[in-house]
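All values below come from the heavy atoms of this structure, side chains included, with hydrogens, waters and symmetry mates left out. Both ligands and their constituent atoms are indexed starting at 1 by order of listing.
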Amino acid sequence: MPLDFHGKVAFVTGAGSIGEGWGNGKATAVLLARQGAKVFGTDINPEALTDTGSAMARENLSGHWSSCQCDATSGKSVEAAVARCDRELGRIDILVNNVGGSAPGDPITMSEELWEKQIALNLDSVFLNCKHVLPVMLRQFEEGGSGGAIVNIGSVGSMTFQMGGRVSAAYAASKAAVEAFSRSTAIAFAKKGIRVNTVIPGSMHTPLVENRLARQLGKDDLAKLIAERNASVPMGRMGDAWDVANAVMFLASDEARYITATQLVVDGGLTAARPA
Ligand SMILES: NC(=O)c1ccc[n+]([C@@H]2O[C@H](COP(=O)([O-])OP(=O)(O)OC[C@H]3O[C@@H](n4cnc5c(N)ncnc54)[C@H](O)[C@@H]3O)[C@@H](O)[C@H]2O)c1
């Protein structure tokens with residue numbers, strides 16, 4: 001069977017969803033479980049994890065799901081979650097660094113505190129989870145098995161100077177850094193059976209976007225803005241969490257065994273249609 005994850009353990013950060021429906025992390029967790037993986041989900045919000053657990057149960061996938069609360073920006077918290085996954089499931093084959101989110105602001109309008117929070121959320125979280133998962137993957141490789149695959153989540157916000165009419169300088173900078181970090185880490189572990197790649201989503205219609213836009217713009221503007229976002233994409237519509245999850249699944253799979261240190265843009269043609 002292609003894209004078969006039976007016997008594999010996937011560690012997914014931000015495996016809940018910020019609101020009702022399907023965010024990228026939740027969809028990725030469920031998709032990997034459908035393909036046979038044992039998924040260990042972490043999230044700062046325990047209720048979001050319970051919600052993903054319920055989605056798993058509705059598809060009779062409870063046997064493929066375990067989770068623990070974890071703040072992806074705290075080294076101690078990540079270390080404890082990785083140790084628990086390793087103890088309970090015995091290995092980690094796939095790491096999906098999904099935690100992230102944007103806050104608007106340029107260097108004048110953004111406070112130092114918010115800048116640091118953005119870098120922590122989008123970049124430190126990737127570093128910390130790699131820091132603690134890589135030794136597990138290395139151990140597996142040195143014991144004669146396969147090492148692992150890491151998929152980090154970037155954003156077209158790293159390539160376009162503004163999204164949705166708002167400048168988000170810290171988000172752009174941190175997501176660009178995720179791509180560079182991924183390539184660098186991929187080269188460091190290329191001979192150790194570990195692949196590292198980045199999925200770069202475009203305008204996705206996920207609960208996080210809807211909640212953030214609803215908060216920032218108000219309900220009336222939201223419908224208009226969603227229509228504008230749809231119209232701005234060459235394919236005529238935003239993507240959804242499943243589009244991101246499918247790209248993550250491919251890069252995490254054995255079928256992608258010769259693919260490392262690269263990026264997969266999932267944006268319906270958005271970046272290609274804009275001036276650089
Ligand atoms: N939604 C989009 O349109 C879009 C576009 C481009 C990139 N992305 C990226 O995709 C990823 C997922 O975005 P999403 O909108 O699908 O969100 P999501 O629905 O996957 O939710 C993210 C989850 O992360 C959790 N979380 C937040 N802070 C955390 C922390 N410190 N530690 C652990 N968990 C934490 C939240 O509780 C939430 O459950 C992010 O990296 C985002 O930047 C999203």
Side-chain angles (χ1 to χ4, degrees), residues 11-31 40-53 55 67-78 80-82 96-103 116-129 151-160 163-164 166 168 170-179 182 198-214 225-226 229-230 232-233 237-245 247-248 263-268 270-271:
F11 189 102
V12 180
T13 78
S17 186
I18 205 97
E20 268 180 45
W22 294 94
N24 295 336
K26 181 176 162 187
T28 298
V30 169
L31 189 59
F40 189 93
T42 67
D43 202 290
I44 201 164
N45 178 0
E47 284 166 19
L49 288 171
T50 303
D51 183 57
T52 301
S67 66
C68 83
Q69 184 181 12
C70 172
D71 178 357
T73 67
S74 153
K76 280 198 182 352
S77 186
V78 172
V82 171
V96 182
N97 276 310
N98 168 73
V99 164
S102 70
E116 278 162 17
K117 274 192 179 161
Q118 276 283 283
I119 302 299
L121 185 69
N122 293 306
L123 184 58
D124 293 7
S125 63
V126 175
F127 162 70
L128 290 170
N129 280 276
V151 184
N152 298 323
I153 306 299
S155 169
V156 294
S158 70
M159 298 184 241
T160 52
M163 286 293 293
R166 293 178 309 281
S168 301
Y171 186 64
S174 52
K175 287 298 192 180
V178 166
E179 292 169 38
S182 303
T198 308
V199 165
I200 302 183
S203 261
M204 316 310 287
H205 199 165
T206 63
L208 184 72
V209 171
E210 199 124 15
N211 284 6
R212 196 182 62 214
L213 294 180
L225 197 95
I226 286 175
R229 280 169 72 97
N230 282 333
S232 74
V233 181
R237 58 178 169 80
M238 287 186 272
D240 65 22
W242 299 103
D243 297 315
V244 175
V248 171
Q263 300 79 234
L264 180 50
V265 180
V266 182
D267 73 349
L270 183 71
T271 46

Under 4.0 angstrom from ligand 1, any heavy atom of Asn98? yes
Is Trp22 near ligand 1, meaning one of its heavy atoms is under 4.0 Å from it? no
Using 30° and 60° as the class limits, which term best fits the ring planes of Phe40 and Phe11: parallel, tilted or perpendicular? parallel
Going by heavy atoms, is Met238 under 4.0 Å from ligand 1? no
Which atoms of ligand 1 sit under 4.0 Å from any heavy atom of Ala72? 30 (C), 31 (N), 32 (N), 33 (C)
Less than 4.0 Å is my threshold; does some heavy atom of Cys70 fall inside it relative to ligand 1? yes
Going by heavy-atom distance to atom 21 (O) of ligand 1, choose the closest among Ile18, Asn45, Ile200. Ile18
May I ask whether Ser125 has any heavy atom positioned less than 4.0 angstrom from an atom of ligand 1? no
How does Leu121 reach ligand 1, by side chain, by backbone, by both or by neither, if only non-hydrogen atoms under 4.0 Å count? side chain
What part of Ala15 sits under 4.0 Å from ligand 1 if we count only heavy atoms: the side chain, the backbone, both or neither? neither
Check ligand 1 against Met204 and write out every atom of the ligand that is under 4.0 Å from a heavy-atom position of the residue. 2 (C), 3 (O)
In terms of atom number and element, which parts of ligand 1 are under 4.0 angstrom from non-hydrogen atoms of Ser155? 6 (C), 7 (C)
Atoms of ligand 1, numbered as shown, that sit under 4.0 Å from any heavy atom of Gly101: 43 (O)
How does His205 reach ligand 1, by side chain, by backbone, by both or by neither, if only non-hydrogen atoms under 4.0 Å count? neither
Quick note on ligand 1: atoms under 4.0 Å from a heavy atom of Gly25 include exactly 20 (O)
With backbone taken as N, CA, C and O and side chain as the heavy atoms from C-beta onward, which portion of Thr206 lies under 4.0 Å from ligand 1: side chain, backbone, both, or neither? side chain
